[in-house]
Amino acid sequence: MRRISVFGATGSIGANTFDLMMRAGGPAAFHTVALTGDRNIARLAEMARALRAEVAVTADETLLPALRAALAGSGIAAAAGKAGLAEAAARPADWVMSAIVGAAGLMPGLIALQHGATLALANKESLVCAGPLLLATAAQHKARILPVDSEHSAIFQCLAGEDSAAVERIILTASGGALRDWPLEKLAHATVDQALAHPNWEMGKRITIDSASMFNKALEVIETREFFGVAPEQIEVVIHPESLIHSMVGFRDGAIMAHLGAHDMRHSIGYALNWPARAALPVDRLDFSKLAQLTFRAPDLDRYPALRLCRAVMATHGVAGAVFNAAKEVALDHFIAGQIGFMDMSGVVEDTLSLVSSDLSLGKAAMTLEEVMAADHLARVRAHAAAGIRHSRRE
Ligand code: NDP
Ligand code: MG
């Protein structure tokens with residue numbers, strides 16, 4: 001029986017993974033090693049009982065007693081904190097879903113790779129912060145990383161059986177998020193609720209706001225460079241409001257392969273879960289007789305400074321990606337808390353990149369977990385300060 005762990009089981013990707021596991025037979029189909037969450041203890045315990053997991057882990061140490069109580073009588077072990085996550089990631093498993101949100105997903109993913117597990121990677125932040133480290137760890141331990149982000153799953157599927165040397169360009173599609181039709185001058189005043197009204201995809205709160213600011217797409221451009229080993233200038237972004245083409249690959253003979261499907265993350269999660277096979281999945285089928293149109297437009301970089309910033313980050317290499325991601329996470333926290341405006345998020349990230357580059361040589365820092373986390377920490381300190389300045393200017 002395949003041994004499976006899900007990191008970030010209580011989130012949006014985690015719930016979809018759980019749904020597919022239960023439909024496939026749950027504990028009769030898989031041996032569940034570890035399930036992890038953070039604050040949603042009731043849901044974590046319920047999932048762990050349904051899948052008869054070996055261990056359930058909350059990232060929040062203060063919630064360990066609550067998790068123990070929720071698992072009482074089940075025989076399922078409870079653990080907490082970074083040490084609990086690390087121990088769970090080191091347990092032998094064949095397939096591990098990496099679906100914690102943010103840079104916190106990096107450490108368990110690296111440990112799972114060190115133990116030879118196949119890592120289904122939804123946590124794009126891992127590749128943005130530490131792509132070379134993750135890939136080297138996978139190679140060293142003969143472990144595989146499978147993409148779960150819908151665009152990267154699409155690209156992976158378009159590349160199946162192709163010679164990577166024949167790839168000319170990769171075209172990432174972007175929905176444009178909730179605010180894509182707003183006039184530029186109004187964007188600075190967008191509220192959290194307005195940024196959360198995503199037209200197509202049901203996702204966690206943070207990635208939904210990142211879709212509206214295109215920070216999500218900026219992370220995905222870097223993720224594409226790391227995953228597929230292409231040069232930054234081979235990666236294009238196009239806004240495709242219908243979100244039915246999940247991404248495309250252009251080859252040197254002019255052919256373009258596109259991957260289409262319904263807006264349902266169970267598609268790319270299921271592809272990774274069943275790879276290299278294709279299993280039947282409970283996703284809507286596209287009816288081309290009812291599809292009115294597929295439209296495309298170029299992104300305006302004045303609306304989406306994140307798309308410009310990610311290019312500078314890729315040109316710098318090293319830990320610049322970790323700084324970019326950490327600054328973005330802090331800027332997002334400040335936006336969610338109502339302290340800075342929507343367009344201030346890119347300003348905070350830009351300020352942080354320049355502040356941190358005078359403290360440390362971003363391109364030259366060694367790519368160890370410690371170096372990456374040190375850069376992440378410093379970037380958070382600087383980003384809080386940069387956000388504080390913008391906050392006080394608003395008052
Ligand atoms: P959610 O916010 O819905 O879920 C996040 C998960 O991580 C939850 O299980 C949460 O626990 C847990 N968590 C939060 N903070 C921490 C922490 N500090 N340490 C450990 N665990 C933590 O996120 P999504 O499911 O939307 O996204 C997960 C990842 O997948 C992200 O990297 C995102 O970019 C990526 N992704 C998501 C897509 C989507 O459709 N949602 C699409 C493509 C990629 P709890 O809920 O118990 O507090
Ligand atoms: Mg995506």
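Note that the structure is a prediction, hence the values are computed from the model and not measured. Just the heavy atoms: all of them, side chains too, but no hydrogens, waters or symmetry mates, feed the values below. Every number for a ligand or one of its atoms is a count from 1 in the order of the listing.
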inquiry  = Does the residue M265 have a heavy-atom contact with ligand 1, meaning some pair of atoms that are separated by less than 4.0 Å?
reply    = yes
remark   = Atoms of ligand 1 under 4.0 Å from any heavy atom of G37, numbered from 1 in the order shown, are 11 (O), 47 (O)
message = Need the ligand 1 atom indices (1-based, order shown) with element for anything under 4.0 Å from a heavy-atom of G204.
response = 3 (O), 26 (O), 41 (N)
query = Are A99 and ligand 1 in contact, using a heavy-atom cut-off of under 4.0 Å?
reply = yes
task = Check R39 against ligand 1 and report side chain, backbone, both or neither, counting heavy atoms closer than 4.0 Å.
result = both
note = The atoms of ligand 1 lying under 4.0 Å from a heavy atom of A122, numbered in the order shown, are 30 (O), 32 (O), 35 (C), 36 (N), 44 (C)
key: Donor-acceptor pair between S243 and N200 side chains, under 3.5 angstrom   = yes
message = Give me the number of protein N, O or S atoms whose distance to the Mg ion (ligand 2) is under 2.8 Å.
response = 3
request  = Below 4.0 angstrom from a heavy atom of N40, which ligand 1 atoms are there? Numbered from 1 as shown, please.
outcome  = 45 (P), 47 (O), 48 (O)
query = Which atoms of ligand 1 sit under 4.0 Å from any heavy atom of M203?
reply = 39 (C), 40 (O), 41 (N)
inquiry  = Tell me whether R43 forms a cation-pi arrangement with F18, defined as NZ or CZ under 6.0 Å from the six-membered ring centre and within 45 degrees of its axis.
reply    = yes
request  = Answer yes if the side chains of H246 and H267 hold a donor-acceptor pair under 3.5 Å, and no otherwise.
outcome  = no
ask   = At a non-hydrogen distance cut-off of under 4.0 Å, which region of I207 contacts ligand 1 (side chain, backbone, both, or neither)?
value = side chain
